[in-house]
Amino acid sequence: MGKNSLTVTDNRTGNTIELEITDGAIRAAELRQLKVNDDDFGLMSYDPAFSNTASTRSRITYIDGDKGILRYRGIPIEQLAEKSSYLETAYLLLNGELPNKDEFAKWSHEITHHTFLHENMKRLMESFRYDAHPMGMFVSTVAALSTFYPEAKNVTCPENRLLQIYRLVAKVPTIAAFTYRHSIGLPYHFPDNDLSYTGNFLAMMFRMAEADYVPNPVLAKALDVLFILHADHEQNCSANAMRSIGSSLVDPYSALAGAAAALYGPLHGGANEAVLKMLNEIGDKKNIPEFITRVKAGEVRLMGFGHRVYKNYDPRATIIKQTAEAVFEVTGKNPLLDIAIELERIALEDEYFVQRKLYPNVDFYSGIIYQAMGLPTAMFPVLFAIPRTIGWLSQWVELLEDPEQRIARPRQLYLGADERDYVPVEQR
Ligand code: CMC
């Protein structure tokens, strides 16, 4: 192998520089050495949507999009989905290693004992309109938590950070369940600390008058698997938002509210809601060919298909398909499943999708499972935000501990008007 460097010749000046290649990348800032004259700012790289720019060195999540590989801290997602639990996986993501028995006991205890919300927080949530979107309520409530924990501003103290992490991981299911109860006009149920993370969430969502609500173990397990699959996904839109906002050293509640807002969009965490809307619109298997024609004409997108990174079957989609079978044994089959399976079959054989390497992503089947479990579509992005909270927080801690990171500040290529004089309104 030759030298680990890149030689660049600037044809405007004939100057040549040699850039070191480390971990498969050059440092973009070194391009600034290339100038046409002394006043020149220096050469920049242009990369809208960061499609070929690494913003960090990370040790959390590894994705090989071409091969369909996803690993948290090196462990394949398939093994975690089969053998781990969401809380254990959350510990792994944050700390880099699986916990031993004592570490896990402490971690679970701390998460379980921070699940309650301040009564004022409840009142704040009650003030939302009856038809407020749960994700809008979730984003606002998480942001409001920063006003309850002003000490969270001290982001440079690891112990203080850990306390906020316990609080956030513990409270997001409670907030999420309250958004749902609010939207259907039922009283909020406080957490039951004897239940598992997902069992407690199901109880806060669905408990009615029962003294002892027992969550269905198959559904609680399925939700746990779905939470593992959604826990992190390296530098995606919302993780990037978390890091970008966090780089200003704001408290984690404010940063996490921003990350959740990014997740709300239909191209990110809103996609599973969009998948169900799409499947409902298609309505019948016989309408699929006409729908595919509209997709190919660019009129609509096949939601739940395609991914910026995966150019192969999203490994999470494979696991979700298996989880769906377990859920449907309890709930009965969701009739939309047949349409989804047929849609997938046709799309995977179609030249348009094959050529563009468009495969089902995590959202293609997750919505169908959530719906079968009785979870309304408006809750889907919230169901994504609960497990992703630990991913955002792990990315945030890594950012804060990285000596190379500074406040995020991209450059621009200014193409607007040159200097010109202000024109008074009478002369315009
Ligand atoms: N349906 C139809 N065509 C598509 C789709 C789709 N779902 N996705 C991409 N394409 C086409 C696109 O039109 C373009 O075609 P052409 O080259 O002829 O212009 C080509 O494929 C490349 O698309 P792109 O928009 O440049 O790809 P991207 O990497 O910017 O977008 C994406 C990735 C996920 C936003 C996109 O695939 C999409 O909109 N998918 C539907 C929404 C969705 O399912 N999102 C969930 C993503 S997974 C959950 C998560 O991690 O948040």
Side-chain angles (χ1 to χ4, degrees), residues 47-53 60-66 68-72 77 135 226-242 258-279 281-282 288-321 336 340 343-344 346-370 377 380-392 395:
D47 189 9
F50 311 125
S51 50
N52 196 37
T53 294
I60 303 174
T61 292
Y62 173 77
I63 300 176
D64 182 331
D66 289 330
I69 291 175
L70 170 62
R71 297 180 197 136
Y72 296 158
I77 192 69
M135 194 59 177
L226 284 161
F227 279 7
I228 291 173
L229 302 184
H230 285 88
D232 192 52
H233 214 225
E234 50 119 308
Q235 307 310 314
N236 55 81
C237 176
S238 58
N240 185 55
M242 182 79 193
L263 185 71
Y264 193 1
L267 295 188
H268 192 6
N272 52 7
E273 187 174 352
V275 170
L276 274 207
K277 277 196 191 122
M278 174 190 78
L279 293 175
E281 266 166 42
I282 295 174
I288 292 177
E290 189 200 325
F291 181 79
I292 296 276
T293 308
R294 288 181 58 214
V295 172
K296 284 161 49 175
E299 287 171 35
V300 282
R301 283 212 159 184
L302 176 47
M303 298 311 285
F305 258 66
H307 199 277
R308 171 62 57 81
V309 179
Y310 293 117
K311 301 300 168 198
N312 199 323
Y313 214 98
D314 180 339
R316 299 169 300 172
T318 316
I319 300 167
I320 285 191
K321 237 174 145 178
L336 293 180
L343 194 55
E344 179 188 330
I346 294 181
L348 291 182
E349 284 174 358
D350 193 294
E351 197 49 29
Y352 176 95
F353 298 92
V354 174
Q355 229 176 39
R356 289 170 180 76
K357 299 189 174 167
L358 299 170
Y359 292 88
N361 60 50
V362 69
D363 288 320
F364 193 64
Y365 288 104
S366 62
I368 303 175
I369 303 183
Y370 289 145
T377 42
F380 292 179
V382 179
L383 289 159
F384 197 151
I386 299 172
R388 187 53 62 87
T389 292
I390 194 61
W392 292 325
Q395 299 283 344

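First listed ligand is number 1; within each ligand, the first listed atom is number 1.
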*Asks:* Give a yes or no on this: more than 12 heavy atoms of other residues, nucleotides or ligands lie within 6.0 Å of atom CD of Glu290.
*Replies:* no

*Asks:* Take Ile292 and Tyr352 through the side-chain contact (heavy atoms from CB on, under 4.5 Å) test and state the conclusion after the steps.
*Replies:* CA-CA 10 Å; Ile292 296 276; Tyr352 176 95; over 6 Å; no

*Asks:* Dump the pairs for me: ligand 1 N or O, protein N or O, distance under 3.5 Å, to 0.1 Å.
*Replies:*
residue: ligand 1; atom: 1 (N); partner: Leu302; partner atom: N; Å: 2.9
residue: ligand 1; atom: 3 (N); partner: Tyr352; partner atom: OH; Å: 3.0
residue: ligand 1; atom: 7 (N); partner: Leu302; partner atom: O; Å: 2.7
residue: ligand 1; atom: 7 (N); partner: Phe305; partner atom: O; Å: 2.9
residue: ligand 1; atom: 13 (O); partner: Arg301; partner atom: NH2; Å: 3.3
residue: ligand 1; atom: 15 (O); partner: Arg356; partner atom: NE; Å: 3.2
residue: ligand 1; atom: 18 (O); partner: Arg356; partner atom: NE; Å: 3.1
residue: ligand 1; atom: 18 (O); partner: Arg356; partner atom: NH2; Å: 2.9
residue: ligand 1; atom: 25 (O); partner: Arg301; partner atom: NH1; Å: 3.3
residue: ligand 1; atom: 25 (O); partner: Arg301; partner atom: NH2; Å: 3.0
residue: ligand 1; atom: 29 (O); partner: Arg308; partner atom: NE; Å: 2.7
residue: ligand 1; atom: 30 (O); partner: Arg308; partner atom: NH2; Å: 2.8
residue: ligand 1; atom: 39 (O); partner: Arg301; partner atom: NH1; Å: 2.7
residue: ligand 1; atom: 40 (N); partner: Phe305; partner atom: O; Å: 3.0
residue: ligand 1; atom: 44 (O); partner: Gly304; partner atom: N; Å: 2.9
residue: ligand 1; atom: 44 (O); partner: Asn361; partner atom: ND2; Å: 2.9
residue: ligand 1; atom: 45 (N); partner: Leu267; partner atom: O; Å: 3.4
residue: ligand 1; atom: 52 (O); partner: His268; partner atom: ND1; Å: 2.5

*Asks:* Between Arg294 and Glu281, is the closest basic N to carboxylate O distance under 4.0 Å?
*Replies:* no

*Asks:* Side chain of Asp47, backbone of Thr53: donor and acceptor closer than 3.5 Å?
*Replies:* yes

*Asks:* Measure up the His230 and Phe384 rings against each other and bin them: parallel (under 30°), tilted (30 to 60°), perpendicular (over 60°).
*Replies:*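 Because their plane-to-plane angle is over 60°, the rings of His230 and Phe384 count as perpendicular.
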
*Asks:* So Phe364 and Phe305, would you call those rings parallel, tilted or perpendicular, with 30° and 60° as cut-offs?
*Replies:*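 Perpendicular, since the angle between the ring planes exceeds 60°.
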
